[in-house]
Amino acid sequence: MAKLWAGRTAGMTDKIADDFNSSIHFDCKMYQQDIEGSIAHAAMLGAKGILSADEAQALIDGLDEILNDLQSGALEFDLSCEDIHMFVEQVLTERLGDLGKKLHTARSRNDQVALDLRMYLRAQGQELLEQIYDLLAAIEQKAEQYKTAIMPGYTHLQRAQPILFSHQLLAYSMMLLRDADRLKDCMNRMNVSPIGSCALAGTTYDTDREFEAKQLGFDSVCLNSIDGVSDRDFVVEMLSCIAIIMMHLSRFSEEIILWSSWEFKFIELDDAYTTGSSIMPQKKNPDMAELVRGKTGRVYGDLMALLTTLKGLPLAYNKDMQEDKEAIFDALETVQMCLSVFTPMIATMRALPENMKKAAQTGFINATDLADYLVGKGLPFRSAYKVSGQLVAKCIAEKKTLETLSLSEYQSVSPLFENDVFDAIDLENCVARRSSLGGTSPASVEMQLQYVRNAIKQK
Ligand code: ARG
C-alpha cells in the first residue's frame with residue numbers, strides 16, 4: 001500500500017526497506033500517549049478556529065473510540081504501518097474519511113514523537129519511583145528487624161571494623177533515596193512540551209502551544225522549536241538514572257551473593273528466590289541476585305548506545321533518533337523487572353546474626369579500638385597503632401585473639417594497659433562507641449531509620 005506520505009514519491013517502498021524503517025512493533029507501546037496528544041491537538045485546532053468546532057469534536061470522538069478499541073482489544077495494531085503515529089492517523093481516516101486527514105495540520109511526526117516519548121517516560125518514571133519506594137520500605141523493615149546484629153564491616157573485602165548489619169543495609173537506603181531524587185529531578189526537567197515545534201521551525205498557523213501543554217499536564221513549553229524536536233537529553237538523563245539504580249542494585253546483589261555463600265553464611269534467602277542445580281543436589285543458588293548484577297551490564301549498554309547514536313547528529317530530526325526508544329524501553333523494562341524480584345527477595349531473606357557475630361570475633365576487627373584505648377591513656381595515635389599491630393601479630397603467631405590475651409601479655413607490650421582493656425575491645429562496646437554523626441552506633445542507626453521512614457512517608 002502507498003504510504004500516507006506518498007507524494008513526491010509514489011510511496012512504494014521495498015518490503016525490506018519497510019521492515020527496516022518501521023518502528024511500530026516497539027513504539028506501539030506509546031499508543032495511549034499518542035492518542036491523548038492527538039486529542040489535545042484537535043482540541044487546540046478547534047479552539048483556535050483552525051478547524052471548526054464540529055470538526056474538532058468529531059476528531060476527538062474518533063480518537064477516543066480508537067483508544068477504547070485498542071484498550072478493549074477490538075482494534076489491533078497494523079504492523080504494516082510505519083509507526084504508531086501513522087497507524088492512528090490511518091485508522092482515523094478509515095473511520096472518518098477526509099476529516100481524519102485534517103488532524104495533522106500544524107504538526108509533524110517530529111514533534112509528535114518527542115511529545116509521546118516525554119509523556120510515556122513521565123508515566124513510567126512514576127511507576128519506577130513507586131518501585132524504588134517499595135524496596136526502601138523492605139530494606140527499612142529488615143534493618144529494623146535485625147537492628148542489633150553485629151557483623152564485620154569490610155574494606156578491600158577484608159574484615160575491617162565491627163558494624164551493625166542494619167547500618168550496612170541503611171547505606172543502600174541512602175543510595176536509593178538519592179536515586180529516587182535523581183529520577184524526580186529528571187522527570188521535572190522532562191515535563192516540558194515540545195508539541196507545536198512541528199517539523200523543526202514552528203508553524204505559520206496561529207496555534208496555542210500552551211493550551212496543548214496544559215491539557216497534557218506539562219509544566220511549560222520548550223522555547224526553541226529546533227531544540228524541541230532535536231534533543232533526546234531527557235531520554236539520556238532517564239537512562240543515566242536507571243543505570244545508577246542498576247549499579248546500586250548490582251552492588252547490593254553482589255553482597256547478597258557473598259553473604260549467602262557458605263564462606264559467609266550471614267543470610268539465608270527464601271527458597272522462592274533461589275534455584276537448584278541440575279547436577280549438584282546440595283545447591284541453592286542466588287540466581288535472582290546474579291541476574292540483577294548481570295542485567296546491569298545490559299542497561300549500561302542501552303545508555304552507551306543512545307549516547308553514541310546522538311553524538312554526531314546534526315540538528316534537527318534524523319531517523320537515527322528512532323533508536324532512542326528501544327534503548328530506553330529495554331532499560332525501563334529491565335530495571336522494573338529487577339526491582340519486582342529484588343524487593344520480595346530482600347523482604348523474605350533471613351539474617352543469621354550468630355554467624356555474623358562469629359565472623360566479627362575473628363579477624364581482629366577491634367584492633368582500631370585497641371589503639372583508641374591507648375590514645376585514651378595518653379599515647380599518640382601513631383604509637384598506639386603500632387602497639388596494637390604488634391599485639392595482632394603476636395595473636396596470629398600464637399593462634400590467639402585480642403579477647404583471649406591475658407592482661408599480663410598486654411602489659412608486657414605496654415604498661416598503659418589495665419583491666420578495662422577488655423571492655424574497650426568488646427564488640428558491642430566498639431559499635432556503641434561509634435556514635436559520631438552517621439556512625440554505626442545503635443543511636444545513629446535509630447536516627448537513620450527515622451530519616452528513611454520520613455522520606456518514604458513524604459515520597
Ligand atoms: N518513528 C519515528 C521515530 O521514532 C517517528 C518520527 C518520524 N519522523 C520522520 N520525519 N520520519 O523517531
Side-chain angles (χ1 to χ4, degrees), residues 131-155 157 159-180 248-249 251-261 263-270 272-273 286 289 339 342-363 365-366 368-369 372 403 422-459:
Q131 284 188 297
I132 296 175
Y133 281 107
D134 286 348
L135 175 56
L136 277 162
I139 298 173
E140 185 272 317
Q141 278 159 26
K142 274 301 120 165
E144 174 63 36
Q145 184 182 354
Y146 296 108
K147 204 151 54 175
T148 56
I150 292 177
M151 67 177 268
Y154 295 82
T155 64
L157 200 57
R159 291 172 194 169
Q161 290 181 347
I163 56 168
L164 291 178
F165 177 55
S166 45
H167 191 54
Q168 178 93 354
L169 290 181
L170 283 159
Y172 287 109
S173 308
M174 302 302 171
M175 298 176 204
L176 287 162
L177 281 175
R178 283 194 298 278
D179 289 340
H248 287 148
L249 292 183
R251 292 186 78 172
F252 202 169
S253 293
E254 169 69 12
E255 298 217 292
I256 297 289
I257 294 160
L258 287 172
W259 293 343
S260 52
S261 70
E263 280 67 17
F264 283 78
K265 258 296 163 252
F266 290 177
I267 60 160
E268 182 78 35
L269 290 177
D270 192 90
Y273 301 99
L339 281 165
F342 196 86
T343 298
M345 180 184 75
I346 295 296
T348 54
M349 90 182 174
R350 221 158 35 86
L352 303 168
E354 323 76 57
N355 294 350
M356 293 179 184
K357 188 78 181 274
K358 228 178 281 161
Q361 278 159 346
T362 47
I365 65 178
N366 41 9
T368 316
D369 300 84
D372 287 343
E403 287 86 344
F422 296 105
D423 263 353
I425 59 168
D426 172 79
L427 290 183
E428 299 206 357
N429 290 338
C430 294
V431 166
R433 275 202 310 269
R434 285 197 166 67
S435 55
S436 55
L437 185 64
T440 195
S441 72
S444 162
V445 162
E446 199 55 62
M447 193 183 90
Q448 295 175 55
L449 277 167
Q450 210 45 54
Y451 175 83
V452 171
R453 278 182 207 128
N454 276 341
I456 296 174
K457 229 183 278 160
Q458 288 164 14
K459 66 177 177 180

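Positions are given from 1 along the sequence.
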Check your understanding: What pairs with Y146 under side chain to side chain donor-acceptor pair (under 3.5 Å), at least two apart in sequence or on another chain?
Key -> none
Revision key, fill the gap. For I365 and T362 the tightest heavy-atom approach is CG2-O, 4.3 Å
Point to revise | Pairs involving residues 134-143, ordered by first then second residue, that meet salt bridge (Lys or Arg N to Asp or Glu O under 4.0 Å) (sequence neighbours left out) | key: E140-R453
Point to revise | Reported NE2-to-CZ distance for the pair H248 and R251, which is rounded to 0.5 angstrom | key: 7.0 Å
Point to revise | Distance in Å, H167 NE2 paired with T440 OG1, rounded so as to fall on 0.5 Å steps | key: 4.5 Å
Study note, to complete from the structure: Heavy atoms of P442 and A432 approach each other most closely as CD-CA, 3.8 Å
**Study point:** Flag side-chain contact, heavy atom, 4.5 Å: W259 against P286
**Key:** no
Review point. Roughly how far, to the nearest 0.5 Å, is the CG atom of L249 from the CG atom of L176?
Key: 6.5 Å
**Study point:** Heavy atoms from other residues, nucleotides or ligands near CD of E403 exceed 12 (cutoff 6.0 Å)
**Key:** yes
Review point. For Q141 and Q145, what are the C-alpha separation, side-chain angles and deciding distance, and is it a side-chain contact (heavy atoms from CB on, under 4.5 Å)?
Key: CA-CA 6 Å; Q141 278 159 26; Q145 184 182 354; 6.0 Å; no
Exercise for review: Not counting sequence neighbours, which residues clear side-chain contact (heavy atoms from CB on, under 4.5 Å) with D423? List them please.
Suggested key: N429
Please report, to 0.1 Å, the donor-acceptor pairs under 3.5 Å made by any side chain of residues 346-356, with sequence neighbours excluded.
unit_1	atom_1	unit_2	atom_2	d
T348	OG1	P344	O	2.7
T348	OG1	M345	O	3.4
N355	ND2	K265	O	2.8

Check your understanding: Can you list the residues that meet the side chain to side chain donor-acceptor pair (under 3.5 Å) rule with Y172, with sequence neighbours excluded?
Key -> E255
Practice item. Answer whether the closest heavy-atom distance between the side chains of V452 and I139 falls below 4.5 Å. Key: no
Review point. Less than 4.5 Å apart, any side-chain heavy atom of C430 and any of R434?
Key: yes
Study note, to complete from the structure: For I267 and I256 the tightest heavy-atom approach is CD1-O, 3.8 Å
Check your understanding: Quick one: does T148's side chain get under 4.5 Å of E428's, heavy atoms only?
Key -> no
Review point. Of all residues at least two apart in sequence or in a different chain, which pass the ring pair (Phe, Tyr, Trp, His ring centres under 6.0 Å) check with Y154?
Key: F264
**Study point:** From I163 atom CD1 to Q168 atom CD, the distance as rounded to the nearest 0.5 Å
**Key:** 4.0 Å
Practice item. Please report the shortest heavy-atom distance between A143 and S166, naming the atom on each side. Key: O-CB, 3.5 Å
Practice item. Please name all residues satisfying salt bridge (Lys or Arg N to Asp or Glu O under 4.0 Å) with K358, sequence neighbours left out, ordered by chain then number. Key: none
Point to revise | Within-4.5 Å side-chain heavy-atom neighbours: L164 and I150 | key: yes
Point to revise | Check: F252 ring centroid to F342 ring centroid under 6.0 Å | key: yes
Review point. When rounded to the nearest 0.5 angstrom, what is the spacing between CZ in F165 and CG in L170?
Key: 10.5 Å
Check your understanding: What's the shortest heavy-atom distance between S173 and L136, and which atoms?
Key -> O-CD2, 3.4 Å
Practice item. Quick one: list whatever passes side chain to side chain donor-acceptor pair (under 3.5 Å) with S444, sequence neighbours left out. Key: Q448
Study note, to complete from the structure: Heavy-atom nearest pair, T343 first then L135, reads OG1-CB, 3.3 Å
Review point. To the nearest 0.5 Å, how far apart are CG in L427 and CG in N366?
Key: 5.5 Å
Revision key, fill the gap. Hits for salt bridge (Lys or Arg N to Asp or Glu O under 4.0 Å) against R159, two or more places apart or cross-chain, chain-then-number order -> none
Review point. Under the side-chain contact (heavy atoms from CB on, under 4.5 Å) test, which residues partner A424, sequence neighbours left out?
Key: Y373, R433
**Study point:** V431 vs Q161 side-chain heavy atoms within contact, under 4.5 Å
**Key:** no
Check your understanding: Among all residues two or more places apart in sequence or in another chain, which pass the side chain to side chain donor-acceptor pair (under 3.5 Å) test with E254?
Key -> R293
Review point. Does anything in residues 160-179 pair up under salt bridge (Lys or Arg N to Asp or Glu O under 4.0 Å), and if so which pairs, sequence neighbours excluded?
Key: D179-R182
